[in-house]
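Labels below follow one simple rule: chain letters A, B, ... track the order of the sequence lines, proteins then strands, and each chain is numbered from 1.
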Protein chains: 4
Amino acid sequence: MVKSTSANLSPRKMPRQARSQATLEAIFQATIQVLLSEGRQRLTTIRVAERAGTSVGTLYQYYPNKQALLFAVVRRHVTEVGEQVRRAAESVHGKPLADIVSAVVSAFVRAKIDRIDEARALFSVAGELDSRVLVVESEERGLAMLTAVLRTATDAKFDDLPTAVYIFMAAMIGSTTYMIEGGAPPSILRAWGGQLESLCLGYLERAARSIHNDSR
Amino acid sequence: MVKSTSANLSPRKMPRQARSQATLEAIFQATIQVLLSEGRQRLTTIRVAERAGTSVGTLYQYYPNKQALLFAVVRRHVTEVGEQVRRAAESVHGKPLADIVSAVVSAFVRAKIDRIDEARALFSVAGELDSRVLVVESEERGLAMLTAVLRTATDAKFDDLPTAVYIFMAAMIGSTTYMIEGGAPPSILRAWGGQLESLCLGYLERAARSIHNDSR
Amino acid sequence: MVKSTSANLSPRKMPRQARSQATLEAIFQATIQVLLSEGRQRLTTIRVAERAGTSVGTLYQYYPNKQALLFAVVRRHVTEVGEQVRRAAESVHGKPLADIVSAVVSAFVRAKIDRIDEARALFSVAGELDSRVLVVESEERGLAMLTAVLRTATDAKFDDLPTAVYIFMAAMIGSTTYMIEGGAPPSILRAWGGQLESLCLGYLERAARSIHNDSR
Amino acid sequence: MVKSTSANLSPRKMPRQARSQATLEAIFQATIQVLLSEGRQRLTTIRVAERAGTSVGTLYQYYPNKQALLFAVVRRHVTEVGEQVRRAAESVHGKPLADIVSAVVSAFVRAKIDRIDEARALFSVAGELDSRVLVVESEERGLAMLTAVLRTATDAKFDDLPTAVYIFMAAMIGSTTYMIEGGAPPSILRAWGGQLESLCLGYLERAARSIHNDSR
DNA sequence: CATGAATGAGGTTTCATTCAT
DNA sequence: TATGAATGAAACCTCATTCAT
């Protein structure tokens, strides 16, 4: 078995033919499905190949080993969610705090819920050391991005911006993960966007010396 | 869905001899240590026994199977953290919201940080279905407890208490998990109690029709 | 009583490639050989695989577990012996008692002796509950078959046919098993067919009201 | 584990104190009970000790190893059954064939049925090499004994006495084993003595030059 | 003597990975 | 390229036996 060295975790090839592309995607989706239906412990290469409608041999043509498969699932998820949030953040540069929080939180929640299967599958892999690498990378990009946009808020200045941003992110990501994974009731799931916005905004307002503080 | 055998997850015997008691505890601690140093995937019964300074055979005298070992770790953690929070909550019945949040949050944070090894170990097992059972149970007790205490807050009434409590808990547990697991810098770790209190209180004040709302 | 899991005792796949077919048969024969040379207690999957010239992994591609291996050996033996006897019995419908007994007994003895390795191997597994299932099934078919043919005997009618048939079968199978397993001397082994015929015919004549009883 | 060398199979001590005697017997009976209720594969020393109401340690005070336990069960059974038959045979020296067969067969059947638990338990151990040794020994004594008594039959002389005796024994023991183990219906079980007598006598009369052959 | 905790070899089974077809 | 049979290391778990208490 391949030990968790950081080598060899990237896909083997990016095939140009359409058929190969389809196979690759089928394997990718199958990985998620097996993770959801069987759990991390029962995720085997043969099961994935079967669910994808191919054979193990073919699977190994695209991914050098099993870790790479998990890596791919995690990477795609965090990349895409990150991308959605980045776009939202860019569109509210230089707006008031409430607008920024609203845009960022709702983009995040939408992205997660659109990919809820991926999110849950990812969770069962969260304990894995190798997946952590990707998540930490993405976390750093997220912190930088949020720091940048919050600095432009027209109506709030933060004494300790790094801390505020960290808590913001922890609240947004952590509590959403808790909810998705904990099997929250539909009523909560529906209200999630608004509640999370309230949670984050409530915190950030407390953390900011609001510019109009005195005029209240 | 992941199959849940649910068979025989309770410890095999509670031995009376002092030697046995020590062995039992050594195995318990070894499980946590191996989980932390090697991760869930590399947690093997032999490795646990070795780290505990015994043999596999002995391990199996106390736990009927590997799942039971994990079960024991998770159960003890959630039980003890839950207990700390419960005590704190009882001591602030009928106090103002800020006091309640402060007491609950700081009890939770203290309990988690006192058991930070257990908490991290628990995380790498979070994906396992069997552990979920315990966590869900404990969640339900937590919700009931928080609902009860928040109802007694002298200065806040909630239109939608169930939702507010759920978000409160998700924020408290979820973001703490995120932080502990994400490897937060010491500066954050130190500030955690206060920040988390701010996060939760900010939210709950927004969610409450504050009694003195008008007099502001 | 011995617990009967009764799960998954049928072979895993019937492969089409010639290589696989050969492997399957090699494993089958190896099971018998190991049973004979080492006994049931020392029949291990690794030993079987080694003797078959393959690896354990391969063994498990064909049989889902060890029980299934034993099951296969027993099933094939009782099926084939049963088949031989059935054919012999059909060929003597409507003949005199002596002819019927002669045909049935000699077919049985020949079938057993032709497969004497299987027969001995089977014996060391006889205590196993799962094998009993098959044997009992085959016993029932045997009783039905013998009942049918004895009813057509031209020169004998039985007051209590069910009992007579049962004793006939018990004598035929039981004493042959005893002999094969007890390590009878070659002289006995050679004479077995005739002696067993004598044993069974002696009994059945006593059990029948012989039609020509009076004219003797 | 002790390999099946023929060493060390005898009980460790024959205790004189009554309490020890009782313990020894309890272990003996427990072995049979476990064999019947769990099967050979699940016969473990701990299970036997528990069922006997003692501890493994104590068990090992009386038997040097597990094989010795099985050995003891088998030995006692074959010894006692053999003894019953021997007494019956002695009582019919110099009597007619029918009397001899009747005495021997009914003694055998009675002895077996009186110890039917032992008989069944013994069966699940039959495949074991070590038990075979005892059975073969006892078989030899049996053959000698039956040869001796049949030679005194007043009304029958055998051309090939060794063969006749062997078949007699195989029929008696083999078919009884088949019946007991096959789970014969009660009707058969009740009729067994008479039927078996008929079986054996039918054969032996055919095998003998009956002295009064001419006078028929 | 009795107990039962401890040991660890050995058995069963799974699964990532390779490679001949 | 695709397939899936083969491999064997490694995981889980059991149990005969010993020995300190």
Search all heavy atoms of [X] against all heavy atoms of [Y] and return the closest pair with its distance.
| X | Y | result |
| --- | --- | --- |
| Val125(A) | Leu35(A) | CG2-CD2, 3.9 Å |
| Phe123(C) | Arg132(D) | CE2-NH2, 4.4 Å |
| Ala72(C) | Phe28(C) | O-CE1, 3.6 Å |

Using atom [atom1] of [X] as one end and atom [atom2] of [N] as the other, report the distance to the nearest whole Å.
| X | N | atom1 | atom2 | result |
| --- | --- | --- | --- | --- |
| Leu69(C) | dT12(E) | CG | P | 10 Å |
| Tyr62(B) | dC13(F) | OH | C1' | 17 Å |
| Gln67(C) | dT13(E) | CD | C1' | 14 Å |
| Arg40(C) | dT12(E) | CZ | C1' | 12 Å |
| Arg42(B) | dA16(E) | CZ | C1' | 15 Å |
| Tyr63(A) | dT18(E) | OH | P | 17 Å |
| Asn65(A) | dC15(E) | CG | P | 17 Å |
| Ile27(A) | dA16(E) | CD1 | P | 14 Å |

Legend entry - Strand contacts (DNA chain E) in residues 44-58 of chain A, 4.0 angstrom heavy-atom criterion: Thr44(A), Thr45(A), Arg47(A), Val56(A)
Inset, instruction - Kindly express the pairing pattern of DNA chain F in dot-bracket notation, using | wherever a base pairs with another strand and counting only Watson-Crick or G-U pairs under 3.5 Å. - result: .||||||||||||||||||||
Legend entry - Ion pair check, Glu25(C) and Arg76(C), cut-off under 4.0 Å: yes
Inset, instruction - Flag the pair Arg40(D) and Glu128(D) as a salt bridge only when some basic side-chain nitrogen lies within less than 4.0 angstrom of an acidic carboxylate oxygen. - result: yes
Inset, instruction - Using a 4.0 Å heavy-atom cut-off across all strands, classify Leu43(D) as base, sugar-phosphate, or nothing. - result: sugar-phosphate
Inset, instruction - For Leu59(D), answer base if it contacts any base atom (sugar-phosphate contacts may also be present), sugar-phosphate if it contacts only those atoms, and nothing otherwise; contact means non-hydrogen atoms under 4.0 Å. - result: nothing
Answer yes or no: is there a donor N or O on one side and an acceptor on the other, between the side chain of [X] and the main chain of [Y], under 3.5 Å?
| X | Y | answer |
| --- | --- | --- |
| Thr58(D) | Thr54(D) | no |
| Arg47(D) | Val34(D) | no |
| Ser37(B) | Gln33(B) | yes |

Legend entry - Contact under 4.0 Å: Tyr60(B) side-chain N or O vs dC13(F) OP1/OP2: yes
Legend entry - Under-4.0 Å side-chain N/O to phosphate OP1/OP2 contact, Gln61(B) with dA6(E): no
Inset, instruction - Start with the C-alpha distance between Tyr63(A) and Thr45(A), add both sets of side-chain angles, then the distance that settles side chain to side chain contact (heavy atoms under 4.5 Å, CB included), and finish with yes or no. - result: CA-CA 10 Å; Tyr63(A) 295 95; Thr45(A) 49; over 6 Å; no
